[in-house]
Structure formats: structure tokens, C-alpha cells
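Every chain is numbered from 1 and lettered A, B, ... according to where its sequence line falls, protein lines coming before strand lines.
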Amino acid sequence: MRLSRFFLPVLKETPSEAQIVSHRLMLRAGMIRQEAAGIYAWLPLGFRVLKKIEQIVREEMDRAGAIEMLMPTLQLADLWRESGRYDAYGPEMLRITDRHDRELLYGPTNEEMITEVFRASVRSYKDLPKNLYHIQWKFRDEQRPRFGVMRGREFLMKDAYSFDIDEAAARHSYNQMFVAYLRTFGRMGLKAIPMRAETGPIGGDLSHEFIVLAETGESGVFCDKRVLELPIPGEDVDYEADLSPIIDQWTSLYAATEDVHEQGRYESETSEGDRLQTRGIEVGQVFYFGDKYSKPMKAMIAGPDGVERPAQMGSYGVGVSRLLGAIIEASHDENGIIWPDSVAPFGVGIINLKPGDEAVDAACAKAHDALEKAGKEPLLDDTDNRAGGKFATMDLIGLPWQLVIGPKGVAEGVVELKRRATGERQTVPLEDALKVIGA
RNA sequence: CGGAGCGUAGCGCAGCCUGGUAGCGCAUCUGCUUUGGGAGCAGAGGGUCGCAGGUUCAAAUCCUGCCGCUCCGACCA
């Protein structure tokens, strides 16, 4: 991609409404634009990152055996009356009336709808287990949206729902999602800690929140800091096998949000030097809630004994759009964002220091084409801005690699390669630089 | 939902108290110079001052209502 053809409205100054660093940087880097309180347009740069994150989530869900589908954003109120949540959910639910005076709502979550989908076609234990998910926009009419995409009213969420014949099987489904989440967040360069959590309005009796530690987070957390060093399960993890050793490893060390924190237990289970009390950003949550929805909504399954019983369910959410904020909170410096390679909007930024100079233009085109062919998604700054501005913009948008090509270097047959995360630079022939990046 | 505050050019702000031709910086456009870490000079364009009423000879400024947005707190992927 050539910057001259892209749409990247960067801001030199920070808009006054943005308080926390991720929100400021997303606005300044031209990733999002606020259209209303808690509602954002995703500009091209932000959208590219959103898609990268969504894809990682999708790959790990698929790996764990979940099946992707897509449910609508609008739901019938009657469906929510079946579960009793139409009245219980409160003003956070956006309610809509259509031209026939039918009551609809913009979905804040999908337990009711997935239960309806499931019960329409599944009757036998032989069809279980099933885990269905989608990645869809949700709407929650927050009293106080803030922190940019971290607490928006409209947000992109991955929500998965598992159906099992009994509690033991449901726990296995829960464990699969637990492990998938460890992998998902790990791939994004995040240290997300599973913490015992309250179940909230979704309901249920077993739940963990996955929390990225950050001073600007909304949840207070208490944990044993050794949890930060635990290994993340590899790509080859066997999801069919018993996953409880992994779960036990991650849940035996103390980690709890302030809602369920028990000071006495904390002090007895952790040594003083290992205690970490800080704040965090919730990026995912897993619930086991049994028959909370399947029973009132009559999602019944016949077991081997021929007896029908309500399906045992769990639900598993990941805040896909929120993750952008969380990643930036965890990875930035005073000059801008530092994207982990896995979610960067472009893999490498090429800076043409002298557009119009035939030799420099040729070297840039060569680098650009080679990187593009190698799938490294280069962004070539071919604008006629000044060098300083180009460096500042490139640091701001945080691409993992910067390839600086100017007339002096080209005359000597070299370019400058900079790693955004460390600031390390090396001056080498173009071919060598491309090799380092992987083209 | 309680409390506080803000809406003036794309962004950041001044002007309002004490009513009298709507300003500054950045950005944008033109020209010249400059050219490896957000350049200099000269010029130019861009605003129903959130909306609607009211007071007044005259309203960005005073009054009333509405809308939007932000912050603190309580609640939540």
C-alpha cells in the first residue's frame, strides 16, 4: 500500500476528550473517529487491526472445536421474555419498535437466540457436544461510555455457546474455551490472567475473567505475580484430552477481581513478595451456567437412557474491539503505538526520504513489491512530507519494522532498518534488510 | 443514575464577566527558500459562534428551554 493512496488522517494534537493513552493514540493515529458517545467509525488503519484480532480469535476458536456462524444484531423481544431477561436486563438494552409495532432489541448478547437455534434442531445426546460462536456487533446502552473503544456502546464481540449432556461434559467444554483464551491472548502479545469472577447478569456458577494488567484498567485485581510466568499452551494442545492439568496450573495461584476478592485467603495463599495488587482490563470471560437458559426455554436433550433433560450450557465472550485498546495500553511509548507483529495493521513501513529522486523511488518500489509479494503488508510513505514528519507518523502508527530509504544510503547501496519496539537500527544493503524482515 | 463542566474553522484554544465589524496556533491551498526526527518567509481559503426562543437599536457575549459531548462517582465484553 502506498500512503499517498491510503486514508490515514493522523492528528498532531490530542483531541481533548481522550483521557487514556490508548484512546488518544487511536484518535491520533487515525484509527477511529467518534460519531456519538461510545460509538466509533473504524477508519482504515483501525479496521485492519480489528480484522487481524478477529482472525486470531477465529483461528483459536476453530482450533478448539467451536463452529462459526452469524446471528443477527436485531432480536425479537418475545425471545427474551422466554428467559425472563426482557424485563430484567434494564435500560442498558436498546429497545426498538418496527413499523408493525413489533418489539425488537439490538442484541447485547445472544444466549436466548443461540438456545432457540439449538433447540430447533438438536434433541439427542448423540449430537453433542456442540460449541457455536459468532463474531458480531453488540449494543449496550452504557450509562457512561468512556475510554474510547474500551467501553463503547457498540462493540465487536466474539461470543461462543457450548451445549453438553451433563455437567462433566460441560466442564470439558469450559476448559477448552479456557485454554483457547490463553492461546488467543498470548498470540496477541498480551499477558491475560484468568481470574475468579462474579457471574453478573449472564448468570451461572463458574466463571473466570481474563484480565490484562494495566493501571488504566477498570477492575481492581489481586493476584500472585507468579501467574505472569506460567506457560501458554502450544499450538499442538490436544483439545480432546483432559485439559484439567492446564486449568489447575492456572487456577491454583491466587488471582481474583475485587468483586470476589477474599483478603484472608489472599494472605494465606500467597507469600508477601508474590502479591500483586493492581488494575486490569477485562478482555474475555468464560461462564458455565448449566440449565439457566435451556430449562426455561426448553432446550431438551434425550440421554442414552431416553430421558430428556435440559442442555448444559456455557458462554464465552471476547471483547474484540476492546482488545485494540488493551493491546495499546500494554504496548506503547511516548512516540506512539508499538504493535505486536501478529496484529499490526501493516508489517513494515517504508519511508521514502526523497520522493522524485529516481534511484530512491526505484529502491522503494523494489522493497515495496518484494515485501508485498512475501505477504509482509508494507506501507510505503511516498508522500512529499518532510522527513521528520514521516518518522513521527511512522512511530505513531507503530508498525513493527521501519525501512528508511534515502539518497545517501542508496548511493552507498544501503538502507536503514529500524525495529519499532526496541529502537534498534541497522544500516545494511536492501537485500539484507528484506531478509531480516522475512521477504 | 447522582455530581461537575464544556459546545466558537479539521484539531487545540482565546474572546463572554463589562453586548458594538469573530480572533490566535497547528492543519489546508499558492509561491519562494529549505530538505535524515513534526522547517522559514510571504500570501490565500475556510466559521448559520450546538439548536430554538427571549431581552435589546445591536447577542458568540445577557435570560429561558432543548440537544450534544466530557469528567468524577455508582454499575458493566
Side-chain angles (χ1 to χ4, degrees), chain A residues 9-20 23-24 27-28 30 33-39 53 57 89-93 107-111 135-160 181 192 197-202 207 209-212 217-219 257-259 281-287 315-326 335-336 351-357 360 381 383-396 402 404-410 414-416 418 423 425 427:
Chain A
V10 297
L11 305 175
K12 229 164 148 176
E13 288 170 284
T14 302
S16 57
E17 75 267 16
Q19 298 301 306
I20 65 168
H23 189 195
R24 286 203 293 263
L27 289 168
R28 285 196 53 213
R33 178 168 175 81
Q34 180 169 332
E35 296 297 339
I39 298 178
I53 290 173
V57 171
Y89 215 93
E92 246 181 59
M93 183 152 71
T109 178
N110 284 65
E111 280 82 4
I135 299 172
Q136 176 66 296
W137 293 92
K138 304 294 187 294
F139 195 95
R140 293 184 190 175
D141 203 357
E142 296 280 347
Q143 299 180 27
R144 192 181 161 206
R146 60 185 137 172
F147 303 148
V149 300
M150 301 251 276
R151 177 157 300 284
R153 291 194 292 168
E154 184 179 81
F155 58 97
L156 189 61
M157 180 165 91
K158 185 285 298 177
D159 41 324
Y181 279 22
E198 277 198 305
T199 49
I202 310 277
S207 179
E209 288 182 1
F210 284 73
I211 293 195
V212 174
E218 291 189 273
S219 320
T257 62
E258 59 194 348
D259 300 332
I281 301 161
E282 182 187 345
V283 290
Q285 185 161 14
V286 290
F287 290 102
S315 78
Y316 315 92
V318 169
V320 176
S321 45
R322 172 180 283 184
L323 273 165
L324 272 90
N335 295 321
I351 294 179
N352 182 334
L353 284 175
K354 195 169 184 185
D357 179 306
V360 176
D381 188 344
T383 65
D384 56 6
N385 292 325
R386 302 174 63 78
K390 293 184 177 183
F391 290 128
T393 295
M394 208 53 89
D395 282 348
L396 175 64
Q402 295 174 14
V404 183
I405 302 180
K408 289 176 202 162
V410 166
V414 294
V415 298
E416 184 181 291
K418 176 178 149 183
R425 299 153 198 251
T427 302

message = Base of B:G38, side chain of A:N385 - is there a donor-acceptor contact under 3.5 Å?
response = no

task = Using the P atom as the reference point in each nucleotide, state the distance between B:G68 and B:C75 in Å, no decimals.
result = 26 Å

query = Using the C1' atom in both, what is the distance from B:C57 to B:C67, to the nearest Å?
reply = 31 Å

request  = Inspect the contact between A:R140 and A:E92 and indicate whether a charged nitrogen and a carboxylate oxygen are less than 4.0 angstrom apart.
outcome  = no

key: B:A74 versus B:C1 - spacing of their C1' atoms, nearest Å   = 8 Å

request  = Counting heavy atoms from C-beta on, name the nucleotide in B:C72, B:G36, B:G12 closest to the side chain of A:E13.
outcome  = B:G12

ask   = When all nucleic acid strands are considered with a 4.0 Å heavy-atom cut-off, which category describes A:A392: base, sugar-phosphate, or nothing?
value = base

Length of the line joining A:E218:CD and B:A74:P, which is rounded to integer Å = 11 Å

message = Any base atoms under 4.0 Å from A:G152, or only sugar-phosphate, or nothing? Heavy atoms, all strands.
response = base

key: Nearest-Å distance once atom P is located in both B:C24 and B:C6   = 25 Å

query = What does A:D159 touch in the nucleic acid at a heavy-atom separation under 4.0 angstrom: a base, only the sugar-phosphate, or nothing?
reply = nothing

request  = Give the nucleotide from the list B:A74, B:G36, B:C69 with an atom nearest to the side chain of A:Q143.
outcome  = B:A74

inquiry  = Is there a side-chain hydrogen bond (donor to acceptor under 3.5 Å, both in side chains) between A:T109 and A:E111? Walk through the geometry before answering.
reply    = CA-CA 6 Å; A:T109 178; A:E111 280 82 4; 2.7 Å; yes

ask   = Any idea which heavy atoms bring A:K158 and A:Y181 closest together, and the distance?
value = NZ-OH, 2.6 Å

remark   = A:D384 atom CG is separated from B:G38 atom P, nearest whole Å, by 17 Å

ask   = Is any side-chain N of the basic residue among A:D395 and A:K418 closer than 4.0 Å to the acidic one's carboxylate O?
value = yes

request  = Kindly indicate whether the side chain of A:R146 and the base of B:G73 share any N or O donor-acceptor pair separated by less than 3.5 Å?
outcome  = no

task = Could you tell me whether A:R28 contacts a base, only the sugar-phosphate backbone, or nothing, with contacts defined as non-hydrogen atoms closer than 4.0 Å?
result = base

remark   = A:L353 atom CG is separated from B:G37 atom C1', nearest whole Å, by 10 Å

ask   = Would the number of heavy atoms belonging to other residues, nucleotides or ligands and lying under 6.0 Å from NZ of A:K354 be above 12?
value = no

request  = Name the nucleic acid region contacted by A:T14, choosing base, sugar-phosphate or nothing; use a 4.0 angstrom heavy-atom cut-off, strictly under.
outcome  = sugar-phosphate

ask   = Any donor-acceptor pair under 3.5 Å joining the side chain of A:R386 to the base of B:U34?
value = yes

ask   = Counting distance only, does the side-chain N/O of A:Q34 pair as donor-acceptor with the main-chain N or O of A:A36 below 3.5 Å?
value = yes

key: Centroid distance under 5.5 Å and plane angle under 30°, A:F155 vs B:A77   = yes

query = In whole angstroms, how far is the P atom of B:A77 from the OH atom of A:Y181?
reply = 12 Å

N or O in side chain of A:K138 less than 4.0 angstrom from B:A77 OP1/OP2 = no

ask   = Between B:G38, B:G36, B:C1, which one does the side chain of A:L396 approach most closely?
value = B:G38

message = Regarding A:E416, tell me which of base, sugar-phosphate or nothing describes its non-hydrogen contacts under 4.0 Å with the strands shown.
response = base

request  = Mark yes or no for a side-chain to base donor-acceptor pair under 3.5 Å between A:R425 and B:G36, with no hydrogen or angle criteria applied.
outcome  = no

ask   = Contact class for A:G389 vs. all strands (heavy atom < 4.0 Å): base, sugar-phosphate, or nothing?
value = base

task = Could you check how far CD of A:E92 sits from C1' of B:A74, rounded to whole Å?
result = 13 Å

